[in-house]
A.B. asks: 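Mind looking over this structure? Questions follow.
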Amino acid sequence: AWLLDVHGAFLKGQFEDGEVLYMKVPQGFEKFYPGNVVLRLLTTIYGLKQAALAYWKETLKAFKFMKYTRSKADPCLQFKWTALGLVLWMSWVDDFFVTGHAKNVHADKEVMKKLFPCEDLGEVKEYVGCQVERDWDEPSIKLTQPVLLQSFQDEFDLSEIGNPVTPAVPGTSLSKTATVGELTPEAQSLYRKGTGKLLHLTRWTRPEIGNAVRELSRYMGGALVSHLKAMYRCMGYCRGTPTRGIKIKPNEKWDGNPNFKFKVKGRADSDYAKDVETRRSISGWLTFLCGAVITTKSKMMPIVALSVTE
């Protein structure tokens, strides 16, 4: 797997349908132009609402030129079958992630570097804030977020938290039934910041805190002191388990055959009317592809049910 970073991605887009835009001379460049001059944009620039979409369309043209097919399941995934096997490209804004047979990867990334000015970041060791550890013997891939965990220690006061063994107090749920203990605007801002970081951690590497963080995220607009303490507890749990993360370890090996039958399994569980305010139930589920977890979720149900079955 290889990474490429596109330089000045949003400067690569083109205007469509005869669109013409002008801008003032940027500050610091006035001495190069007369005083009565405006500049006409020949390509998109950062700050334009159409810049991201215009750049995205340019990437689609590039993949079409390279004879890739866009996945119907994921709009950010492009794939191509070759004599050496399958080649996959994933795009994340201005980052390209490519994997497949080494010869295909190196040949196609050189083509992409001619289409876009790219920095070759080499083999994947870190991606979208996640540290990537590969074990070729198992084989497996482990994802962790040590930089994000360190930010908990640097930006929040966890001195009185210790290292809880669970992300939340077992058998409890957060509520807003208390009439006192509202946070100051500054503390509320800190709460939103911390919960946002926990949401990002849950999304990528720590699904076991999903239910606790789901509850925290319900009070982004009016948290209480008890909610702030619950956020700190969840952070303390994550700080005390820094080596935990998602380990992707399939129990089968794909032989490259397009007719290979992948095995998909799922697990689900739910409580009954646990939320004290709405009396709604909470469900959680996981999906496995050949034994490797690929999706996780903790969600409050949209209805008030009269039974677990319903």
Side-chain angles (χ1 to χ4, degrees), residues 1-14 16 43-44 46 50-136 139-145 200 203-205 245-250 252-260 262 264 287 289-290 292-295:
W2 218 264
L3 280 181
L4 296 177
D5 178 44
V6 179
H7 292 305
F10 288 0
L11 304 177
K12 310 306 176 187
Q14 302 296 321
E16 297 181 335
T43 64
T44 59
Y46 286 82
Q50 59 267 60
L53 179 59
Y55 162 69
W56 172 243
K57 290 181 178 179
E58 292 301 309
T59 64
L60 294 182
K61 293 178 184 177
F63 284 119
K64 186 176 181 180
F65 172 78
M66 296 167 63
K67 302 187 184 309
Y68 277 82
T69 301
R70 184 179 176 186
S71 169
K72 294 180 180 179
D74 188 334
C76 297
L77 174 64
Q78 304 280 343
F79 67 93
K80 179 173 68 175
W81 287 97
T82 73
L84 297 175
L86 182 64
V87 190
L88 300 172
W89 282 75
M90 286 291 295
S91 58
W92 178 277
V93 191
D94 58 352
D95 288 334
F96 287 130
F97 175 105
V98 54
T99 185
H101 192 280
K103 290 185 178 179
N104 288 333
V105 168
H106 290 293
D108 283 359
K109 73 182 181 68
E110 292 303 318
V111 176
M112 183 62 76
K113 287 161 69 174
K114 294 179 180 178
L115 298 174
F116 291 99
C118 300
E119 180 182 358
D120 193 332
L121 301 178
E123 290 194 57
V124 178
K125 295 181 180 179
E126 183 178 345
Y127 191 54
V128 293
C130 296
Q131 182 173 304
V132 181
E133 302 175 35
R134 305 188 68 172
D135 188 327
W136 295 100
S140 66
I141 298 176
K142 183 179 180 180
L143 304 178
T144 56
Q145 292 173 275
H200 192 268
R203 170 67 180 84
W204 294 111
T205 62
I246 285 186
K247 189 172 186 178
I248 304 171
K249 182 182 177 182
E252 292 188 59
K253 184 177 180 180
W254 181 40
D255 58 6
N257 185 348
N259 296 318
F260 181 86
F262 293 93
V264 180
T287 311
L289 178 65
C290 293
V293 63
I294 54 174
T295 63

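All values reported here derive from a predicted model rather than from experimental measurement.
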A.B. asks: Quick one: pull up OG in Ser91 and CZ in Phe63 and give me the separation to the nearest 0.5 Å.
C.D. replies: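 Between Ser91 OG and Phe63 CZ, I get 6.0 Å after rounding to 0.5 Å.
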A.B. asks: Please identify each residue that fulfils ring pair (Phe, Tyr, Trp, His ring centres under 6.0 Å) with Trp92, with sequence neighbours left out.
C.D. replies: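 Trp92 satisfies ring pair (Phe, Tyr, Trp, His ring centres under 6.0 Å) with Trp204 only.
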A.B. asks: Quick one: CZ on Arg134 to CD1 on Ile248, what's the gap to the nearest 0.5 Å?
C.D. replies: 10.0 Å
A.B. asks: Are the side chains of Asp135 and Lys142 in touch, meaning some heavy atoms are under 4.5 Å apart?
C.D. replies: no
A.B. asks: Tell me whether Thr44 contacts the main-chain N or O of Phe10 through its side chain, where contact means a donor paired with an acceptor under 3.5 Å.
C.D. replies: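 Flag set: sc Thr44 to bb Phe10 pair under 3.5 Å.
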A.B. asks: Got a donor-acceptor contact below 3.5 angstrom from the Trp56 side chain to the Thr59 backbone?
C.D. replies: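 Answer holds: no.
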A.B. asks: Is it the case that more than 12 heavy atoms not belonging to Phe65 sit under 6.0 Å from its CZ atom?
C.D. replies: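 Counting neighbours around CZ of Phe65, 12 or fewer heavy atoms of other residues, nucleotides or ligands fall under 6.0 Å, so no.
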A.B. asks: Going through the checks in order, is the side chain to side chain contact (heavy atoms under 4.5 Å, CB included) test met by Lys125 and Val132?
C.D. replies: CA-CA 5 Å; Lys125 295 181 180 179; Val132 181; 5.7 Å; no
A.B. asks: If I compare all heavy atoms of Ala54 with all of Gly13, which pair ends up nearest, and what's the gap?
C.D. replies: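 Heavy atoms only, the tightest pair is CB-CA, 3.7 Å.
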A.B. asks: Which distance, rounded to the nearest 0.5 Å, do you find between the CZ of Arg70 and the SG of Cys76?
C.D. replies: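 Rounded to the nearest 0.5 Å, the CZ-SG separation comes out at 8.0 Å.
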A.B. asks: Return the minimal non-hydrogen interatomic distance between Gly245 and Thr144, and the atom names on each side.
C.D. replies: CA-CG2, 4.2 Å
A.B. asks: With rounding to the nearest 0.5 Å, note down the distance linking CD in Gln78 to NZ in Lys67.
C.D. replies: 14.0 Å
A.B. asks: Evaluate Gln145 against His200 for side chain to side chain contact (heavy atoms under 4.5 Å, CB included), listing each step before the verdict.
C.D. replies: CA-CA 10 Å; Gln145 292 173 275; His200 192 268; 3.1 Å; yes
A.B. asks: Among all residues two or more places apart in sequence or in another chain, which pass the salt bridge (charged side-chain N to carboxylate O under 4.0 Å, His left out) test with Lys103?
C.D. replies: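 Salt bridge (charged side-chain N to carboxylate O under 4.0 Å, His left out) check on Lys103 returns nothing, list empty.
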A.B. asks: Do the ring planes of Tyr127 and Phe97 sit parallel (below 30°), tilted (30 to 60°) or perpendicular (above 60°)?
C.D. replies: tilted
A.B. asks: How far apart are the closest heavy atoms of Asn259 and Asn257, and which atoms are they?
C.D. replies: N-OD1, 2.9 Å
A.B. asks: Give me the atom names and distance for the closest heavy-atom approach of Ser140 to Lys247.
C.D. replies: OG-CE, 3.5 Å
A.B. asks: Any donor and acceptor pair, going by atom type alone, linking the side chain of Lys12 with main-chain N or O of Val6 inside 3.5 Å?
C.D. replies: no
A.B. asks: Indicate every side-chain donor-acceptor pair of residues 112-123 with a distance under 3.5 Å to a residue at least two apart or in another chain.
C.D. replies:
from, atom 1, to, atom 2, distance (Å)
Lys113, NZ, Glu110, OE2, 3.4
Asp120, OD1, Trp2, NE1, 2.5
Asp120, OD1, Gly122, N, 3.0
Asp120, OD2, Trp2, NE1, 3.4
Asp120, OD2, Lys109, NZ, 2.7

A.B. asks: Heavy atoms only: give me the nearest Glu126-Leu3 pair and the separation to one decimal.
C.D. replies: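 Shortest heavy-atom separation between Glu126 and Leu3 comes out as O-CD1, 3.3 Å.
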A.B. asks: Output yes when a side-chain donor or acceptor of Tyr68 lies under 3.5 Å from a complementary backbone atom of Leu88, and no otherwise.
C.D. replies: no
A.B. asks: Okay, side chain of Thr43, backbone of Leu11: is any donor-acceptor separation there less than 3.5 Å?
C.D. replies: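 Flag set: sc Thr43 to bb Leu11 pair under 3.5 Å.
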A.B. asks: To the closest 0.5 Å, what do you measure between NZ (Lys57) and CG (Leu53)?
C.D. replies: 4.5 Å
A.B. asks: What heavy-atom pair brings Asp94 and Tyr55 nearest, and what distance separates the two atoms?
C.D. replies: CA-OH, 3.8 Å
A.B. asks: Is there a side chain to side chain contact (heavy atoms under 4.5 Å, CB included) between Val87 and Thr82? Walk through the geometry before answering.
C.D. replies: CA-CA 8 Å; Val87 190; Thr82 73; 4.1 Å; yes
A.B. asks: Assess whether side chain to side chain contact (heavy atoms under 4.5 Å, CB included) is satisfied between Asp74 and Met90, documenting all intermediate values.
C.D. replies: CA-CA 9 Å; Asp74 188 334; Met90 286 291 295; 3.8 Å; yes
A.B. asks: When rounded to the nearest 0.5 angstrom, what is the spacing between CG in Asn104 and CH2 in Trp81?
C.D. replies: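 Going from the CG atom of Asn104 to the CH2 atom of Trp81 covers 11.5 Å.
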